[in-house]
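The structure under discussion appears below in the form of structure tokens.
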Amino acid sequence: MQNHKVASLLNRVADYLEMDDVDFRTKAYRRAAHTIETLSVDIAQIRKQGKLQKLPGVGTHIGVKIEEILDTGKLEYLENLKEQYPVDLDSLMSVEGLGPKKIKLLYHELGITNLDDLEREGKRHHIRRLKGMGAKTEAKILQNLEFARKSTGRQLLGEVMPLARKIKEKVGALEAVEEVKIAGSIRRCQETVGDIDVLTVTNHPDEVMDFFTQMDIVDEVVVKGHSKSTVRLFNGMDADIRVFKTDEFGSALVYFTGSREFNISLRKIAISMDMKLNEYGVFHQEERVAGATEEDVLNALGLDYIPPELRENTGEIEASLEGKLPQLVDYSDINGDLHVHTNWSDGKSSIMEMATGAAGRGYEYLAITDHTTLPVASGLNEKRLRQQMDKIDQVNSQLNDIVLLKGAEVNLDSVGNLDMPQNLLEGLDLVVASVHYDLHQDPEKMNERIGQALENEQVDMLAHPTGRKIKERQPSPLNIEKLLEKASDTGTILEVNSQPKRLDLKDMHIKMAVEYGCQLAINSDSHHVDSLGFLELGVATARRGWAQKKDIVNTLPRKKLWKKLGLI
DNA sequence: GCCGTTTTCGGCCCGACTGTTTTCAGTCG
């Protein structure tokens, strides 16, 4: 899949065009880039079918440029732009407060092309002499430059979520605050998060701003106003707060939940209806038509309510207009977890502790799926696995509300053989297969390797199918369409792994899997009783992939699941 | 550069904050 590459080159073109104050052409490139970035199929595939120009935002010119990128890996037009401004745009743009216009000015007047140049000229106080700049701007640039160098970029949803909830709790506890909600990419449950957006209803904005900017987790106040403030937190992440009136809160939520592209589409709809949409409401002439709740706002635009996880402008608006939005799976639909580890392998909790924890979450069943043989995970050998099966029988006899399934997470070798004999697998209730090494074979080999495992009748499920770790490890370069087809043919369940770093399958692939008619299971893969709750992240990801209850096997009640697994 | 229940030409989302400005440009979300 070269989608990401194509999108980022088009975005880069837009950056350069913006330096020269080209307005609408810039927008055109960004729009096309967004379409491709969020595409759930391979752009090369669409090109083969001759359908590039059917994509929203792609016309004749950009279409040709996409073909050039696919054929040569490069774009002549972009290379020319780069020659005109030979600057390290990536790093300079990462300095807060610097955009294309200022970068152009700095290059032209001072020859600044990278962060080192920027620091040098700043310290010599040359920047403050430029038109439109001053001592304050210069000082800010120097300060933000330091931050840009250290910054690690976006952080994992699973890691940021607890902090966001803490802030919500603190702000919500204020007497002056009537309502508080986390918006932004956290509410949309994107796998990574750039900042924390807090929205409040209050009649005492200044009081809320004072509190927010003085919280003990705040390192530095970036901006402070009467309706908006931004702080930098101890972990290097920014948090924004906005205050609104009760009758504005719905439109504010819509606006600050985004995504940006979703908002732009909504506004266009408003305009086409001779109305105006902003964060304060939907307006016809000067009269407010809606604003108090999200439902009101969307309904005023002729739309059904759209869950936050879907708001990416990738088809949900059209579906909403036609009344064809899916009824998304919900955490409350989940009846069990089919992939957890215990202290028999690399987990930290006992079988009984995991069982009790799962029962406490209201689950009807829990599959114990410790690693086999894998040395780095203290995997079980045949003898230990048989012992564990006996142990599970014994624990089961002490449990009332929940039933444990005897499972294992077996390992695929380089050609797709399993690390446990077939007759032993036959005795298990649930066999989970997964790849743990040799993750970067060429695609064909990888598809064949996994395909062989899926064809094994004893294999019920494929765990973390692409093996990616967000920000750490690329997904295996396998052909995802072929994998989905195979899983669909063999009836093998594909996992939505809920580990914050994995979220694998990811949203886009889940959407594809649903279209291919694959069966999915959302599992925590937890190694400790306290991390069973990760499963909620997996549910959120599945929702982003348009998955419904019927697509997820562990929403089934016990008997029906047993039937599916051939246990009764 | 793209697009069309109103268009094949003339539009293209909207507002807050800051710093530098005597009325606004740049940046951000």
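Order of the sequence lines fixes the chain letters, A, B, ..., with proteins taken first and strands second; residue numbering starts at 1 for each chain. The basis for the numbers below is simple: all heavy atoms, side chains too, and nothing from hydrogens, waters or symmetry mates.
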- Task: Starting at the 5' end of nucleotides 23-28 of chain B, put B wherever the base has a protein heavy atom under 4.0 Å, S where only the sugar-phosphate does, and a dash everywhere else.
- Result: ---SSS

- Note on the structure: A correct 5'-to-3' footprint of nucleotides 1-11 of chain B, with B, S and - meaning base, sugar-phosphate only and no protein heavy atom under 4.0 Å, is BSS--------

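Residues satisfying the salt bridge (charged side-chain N to carboxylate O under 4.0 Å, His left out) test with A:Lys324, not counting sequence neighbours, are A:Glu322.
Considering only the side chain of A:Val223, B:dT18 comes nearest among B:dT18, B:dG19, B:dG29.
In this structure, B:dT8 makes no Watson-Crick or G-U wobble pair, since no nucleotide meets both defining distances under 3.5 angstrom.
Nearest-nucleotide positions on DNA chain B place A:Ser229 closer to the 5' end than the other of A:Asp195 and A:Ser229.
Residue pairs meeting the salt bridge (Lys or Arg N to Asp or Glu O under 4.0 Å) criterion with at least one member in residues 271-285 of chain A: none, sequence neighbours excluded.
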Enumerate donor-acceptor pairs with a distance under 3.5 Å from any side-chain N or O in residues 166-177 of chain A to protein atoms, sequence neighbours excluded.
unit_1: A:Lys170; atom_1: NZ; unit_2: A:Asp216; atom_2: OD1; d: 3.0

Pairs of donor and acceptor atoms involving the side chains of residues 122-132 of chain A, under 3.5 Å and at least two apart or interchain, shall be tabulated with distances.
unit_1: A:Lys123; atom_1: NZ; unit_2: A:Glu119; atom_2: OE2; d: 3.0
unit_1: A:His125; atom_1: ND1; unit_2: A:Arg128; atom_2: NH2; d: 3.1
unit_1: A:His125; atom_1: ND1; unit_2: A:Glu138; atom_2: OE1; d: 2.6
unit_1: A:His126; atom_1: ND1; unit_2: A:Glu121; atom_2: OE1; d: 2.6
unit_1: A:Arg128; atom_1: NE; unit_2: A:Glu138; atom_2: OE1; d: 2.9
unit_1: A:Arg128; atom_1: NH2; unit_2: A:Glu138; atom_2: OE1; d: 3.1

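Salt-bridge annotation for A:Asp90 and A:Arg12: present, with a side-chain N of the basic residue lying under 4.0 Å from a carboxylate O of the acidic one. A salt bridge links A:Glu312 with A:Arg544; the closest basic N to acidic carboxylate O contact falls under 4.0 Å. Salt-bridge annotation for A:Glu191 and A:Arg502: absent, with no side-chain N of the basic residue lying under 4.0 Å from a carboxylate O of the acidic one.
Geometric assessment of A:Arg311 against the ring of A:Tyr305 yields a positive cation-pi assignment under the 6.0 Å and 45° thresholds.
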